[in-house]
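Data first, discussion second: the structure below is written as structure tokens.
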Number of protein chains: 2
Amino acid sequence: MQSDLYNIGQAAKASGISAKMIRHYEEVGLLPAASRTLSGYRTYNHQDVHMLRFIRHSRDLGFSIKQIADLLSLWRDKNRASSKVKSLAAEHIEMLNKKIEELSAMKSELSRLVSCCHGDGRPDCPILDSLSSE
Amino acid sequence: MQSDLYNIGQAAKASGISAKMIRHYEEVGLLPAASRTLSGYRTYNHQDVHMLRFIRHSRDLGFSIKQIADLLSLWRDKNRASSKVKSLAAEHIEMLNKKIEELSAMKSELSRLVSCCHGDGRPDCPILDSLSSE
DNA sequence: TTAGACCTTACCATCATGGCAAGGTCAAGC
DNA sequence: GCTTGACCTTGCCATGATGGTAAGGTCTAA
């Protein structure tokens, strides 16, 4: 029966990835080219939708498309070493950490400046003073 | 004398903004069109370089070009109310906070998964299991 | 048969930045 | 005066993940 076939809109709803992005992932090679109906519509089966969900979960954790491609190939490889997955994830945690630290540094410096600024109708402002300093 | 005139490379060095980005900022209207020599080279004076440094400091704090444009106009307005600067900065802190929280959520979820994964030669892996779950 | 919801491809935009290519300019050394 | 190398100019392309829009084909239900 056909009931386990999805068109792109249904696959999008089922996976939480927009139709736009599903096409994009196919174009950049993250997904294999989808099967097509005679009229050219892409079709997806349960397996495909399962893969789309995998991709969405990975994106939700901030993995890049390149990293997701690696995760997918590990996922498909039933003889993988879990250490490879773990190190990939650990690498990503490192990157998240780096970004968090960068943003936190910005935030604390800016918070410091904001707390120094009286913030009333007068023009003098330590924030601008700091931005224009040498 | 000419000694207070910089060409784009010198202005780049003095401000810490690449020549490429200086041209870009001019193109998108963050900077006024630079003066030119007869042969078409852009020239910058101390004032200009001061403004470039202001922009770099703002970028270092993560402000967007749009926000920097607002900061610049407040900087130039000697009758500004410091409250406007402060609220602009506070808004940006909010955005930084939001991003930090997003990244932190990713990090803690991923850390949890990583700590569950034995990470040896065996194929079973809670990280992949989680990514492929419903 | 027709309307409306859906699909297709092909562009353009975001945001900040880098790279490259082809060509003009300038300064220093011979 | 000429050459060389460093610098400048513009213009185009690329990133990464996503959204938008437009023009046109398809499917389904009434």
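In what follows, every chain begins at residue 1, and chains take the letters A, B, ... in the order their sequences are listed.
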Starting at the 5' end of DNA chain D, which residue's closest nucleotide do you reach first, A/Ile65 or B/Ala19?
B/Ala19
Could you give the CG-to-C1' distance, from B/Leu38 to C/dG24, as a whole number of Å?
14 Å
Just the rounded figure in Å: distance from P of C/dA16 to CE of A/Met106.
12 Å
Please indicate whether B/Lys86 has more than 12 foreign heavy atoms, meaning atoms of other residues, nucleotides or ligands, lying under 6.0 Å from its NZ.
yes
Any B/Arg42 side-chain nitrogen or oxygen under 4.0 Å from OP1 or OP2 of D/dC8:
no
When rounded to whole Å, the CE to P distance for the pair A/Met21 and D/dG19 reads 7 Å
Are the side chain of A/Arg36 and the backbone of A/Arg42 linked by a donor-acceptor contact shorter than 3.5 Å?
no
Measure the distance from NZ on A/Lys99 to P on C/dA16 and round it to the nearest whole Å.
15 Å
Does A/Thr37 reach a base, just sugar-phosphate, or nothing at all? Heavy atoms under 4.0 Å.
nothing
What I'd like to find out is whether the side chain of B/Phe63 reaches to under 4.5 Å of the side chain of A/Leu110, using heavy atoms alone.
yes
Nearest to the A/Ser18 side chain among D/dA17, D/dG19, D/dC8, which nucleotide is it?
D/dG19
Distance test, side-chain N/O of B/Ser39 to OP1/OP2 of C/dC26, below 4.0 Å:
yes
Rounded off to whole Å, could you give me the OH-to-C1' distance for the A/Tyr6 and C/dC7 pair?
18 Å
For the pair made of CG in B/Leu5 and C1' in D/dC8, what is the distance, rounded to whole Å?
16 Å
Between B/His57 and A/Ser130, is any side-chain donor less than 3.5 angstrom from a side-chain acceptor?
no
Looking at D/dT10, C/dC7, C/dC26, which one has an atom nearest to any side-chain atom of B/Arg36?
D/dT10
With salt bridge (Lys or Arg N to Asp or Glu O under 4.0 Å) as the test, would you mind laying out the steps for B/Glu109 and B/Arg112 before giving the verdict?
CA-CA 5 Å; B/Glu109 169 66 359; B/Arg112 190 182 67 77; 3.2 Å; yes
Figure out the CD1/P separation between A/Ile8 and C/dT9, and round it to whole Å.
8 Å
For the pair made of CZ in A/Arg59 and C1' in D/dG19, what is the distance, rounded to whole Å?
14 Å
Do any of residues 22-35 of chain B sit with a heavy atom less than 4.0 Å from DNA chain C, and if so which?
B/His24, B/Tyr25
pair A/Phe54-A/Leu72: side-chain heavy atoms closer than 4.5 Å:
yes
Would you call the rings of A/Tyr6 and A/His46 parallel, tilted or perpendicular if under 30° counts as parallel and over 60° as perpendicular?
perpendicular
